[in-house]
J.: 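One structure, pasted below without further comment.
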Amino acid sequence: VPRTRQARPQGRYGAGPVEVALAVDVGGTKLAVARVGADGGVLDRAVAPTPTGADDGPEEVWGALRRLVEGVSIGDEAVCGVGCGGPMAKGGEMVSPLNIGGWRGFPLRARLAELTGLPVAVDNDAKALAVGEAWQGGARGRADFLAMVVSTGVGGGIVLDGRLLDGAGGNAGHIGHVIVEPGGRVCACGALGCLEAEASGTGIAAATGRPAAEAGPEVRARTGRLVGRAVASVANLLDLPLALVAGSVALGYGEVFFAEAQAELDRSARLGFSRGAAIQPAGLGPDGPLVGAAAVGWRALGHDVGVR
Ligand SMILES: [Zn+2]
């Protein structure tokens, strides 16, 4: 297990220990655990592949996560915050990440609470990213924005009027299932032409027959256009002026992706209030998921993380 350990920083209120969160990021490709400081700095971390083989049941996945937690936590953390792929039952009591077949209705929050003895808060990973961007990233001081991830899948979290939107089941913000191509590719959800079916790494690989990272300029530009189209609908629907985008596909495609996304957003968000909406790379970079997970924990404890 690759990991780094750094000296503990001084507390910002004196020489005592800083408040540290234990951050857990559960994704379909990898599991990551870190200690995150009060300023959003990642202190110690460990990463391992997510067990997703046909024989990997709930305890195999849990065992891999437990080993990471035991390797990183030193017992002084104030809270454990978790970002996990959706869907989930509200509060993360039961998680069923689409890309982790071994977990269907897995009691993640209770297991982590038992293991760590800490208060544990679980939220959708893209909603966690939104909280992290408000706390320490590109949305500091912003009350209305969308944070989204375009990687293996496509996810999103929405902050409106300074409040993180939950929805009836806690699943608000699933921008990956906005239709961007009527009659398009079949999505994992069963609908046709969802953003996730057309613009996720999985969708691009299925359409082109090679890994998304190897896509040519036309595919990169089209992916940006489709993301911009979905964001335009959200901007018009919610009077929302800013979208921050993370994830290996978006960040890997880079300049051409963001230029095309912005151009499509400019073409399609034309109401007085939605004109000028911006789409930009997320501010936290590769640490976003872990910083977001920590922010989920602090928010649950009632600390000010920039969103209610
Ligand atoms: Zn869908």
Side-chain angles (χ1 to χ4, degrees), residues 26-29 50 52 83-90 92 94-106 123-130 146-158 160 164-209 211-212 215 219-238 240 243-250 252-253 257 260-261 264-265 268-269 279 282 289:
V26 177
T29 304
T50 307
T52 54
C84 181
M88 63 182 60
K90 207 163 189 173
M94 296 288 176
V95 302
S96 308
L98 277 182
N99 295 322
I100 305 177
W103 277 4
R104 286 295 174 268
F106 185 80
D123 211 335
N124 172 278
D125 50 2
K127 287 169 67 188
L129 179 72
L146 160 73
M148 63 185 293
V149 179
V150 182
S151 60
T152 309
V154 176
I158 293 168
L160 202 64
L164 179 68
L165 298 189
D166 285 325
N171 294 297
H174 269 66
I175 191 171
H177 303 275
V178 168
I179 307 293
V180 292
E181 199 75 279
R185 300 182 64 80
V186 180
C187 183
C189 76
L192 300 181
C194 291
L195 181 63
E196 180 158 298
E198 302 284 345
S200 68
T202 308
I204 292 166
T208 63
V219 170
R220 292 168 184 242
R222 175 175 182 269
T223 303
R225 277 197 301 280
L226 296 179
V227 169
R229 187 172 298 167
V231 169
S233 289
V234 175
N236 286 331
L237 181 70
L238 296 177
L240 191 148
L244 297 171
V245 187
S248 57
V249 170
Y253 288 5
F257 172 94
E260 289 288 336
E264 180 66 22
L265 179 55
S268 302
I279 185 163

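Remember, it's 1-based here, ligands and their atoms both numbered in the order they're listed. Only a predicted model underlies this, so the values are computations on that prediction, with no experimental measurement involved.
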J.: State plainly whether the residues Glu198 and Arg222 are in salt-bridge range, i.e. N to O under 4.0 Å.
T.: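 Counted as a salt bridge, because a side-chain N and a carboxylate O are separated by less than 4.0 Å.
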J.: Do Glu260 and Arg220 have side chains that approach each other closer than 4.5 Å (heavy atoms only, starting at C-beta)?
T.: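 With C-beta onward as the side chain, the pair stays apart.
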J.: Looking at Glu264 and Arg225, does any basic side-chain N land under 4.0 Å from a carboxylate oxygen?
T.: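 No salt bridge links Glu264 with Arg225.
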J.: So, do Leu146 and Ile279 sit near enough that their side-chain heavy atoms are less than 4.5 Å apart?
T.: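 Side chain of Leu146 against side chain of Ile279, heavy atoms only: no contact under 4.5 Å found.
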J.: Find out whether Cys194 and Ile179 are in side-chain contact, i.e. whether some heavy atom of one side chain is under 4.5 Å from a heavy atom of the other.
T.: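 Counting from C-beta outward, Cys194 and Ile179 do come under 4.5 Å.
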J.: Can you list, by chain and residue number, the protein N, O or S atoms under 2.8 Å from the Zn ion (ligand 1)?
T.: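 N, O, S partners closer than 2.8 Å: His177 ND1, Cys187 SG, Cys189 SG, Cys194 SG.
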J.: Is there side-chain contact between Pro87 and Leu98, with heavy atoms separated by less than 4.5 Å?
T.: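 The answer is yes, as the side chains (C-beta and beyond) meet within the 4.5 Å cut-off.
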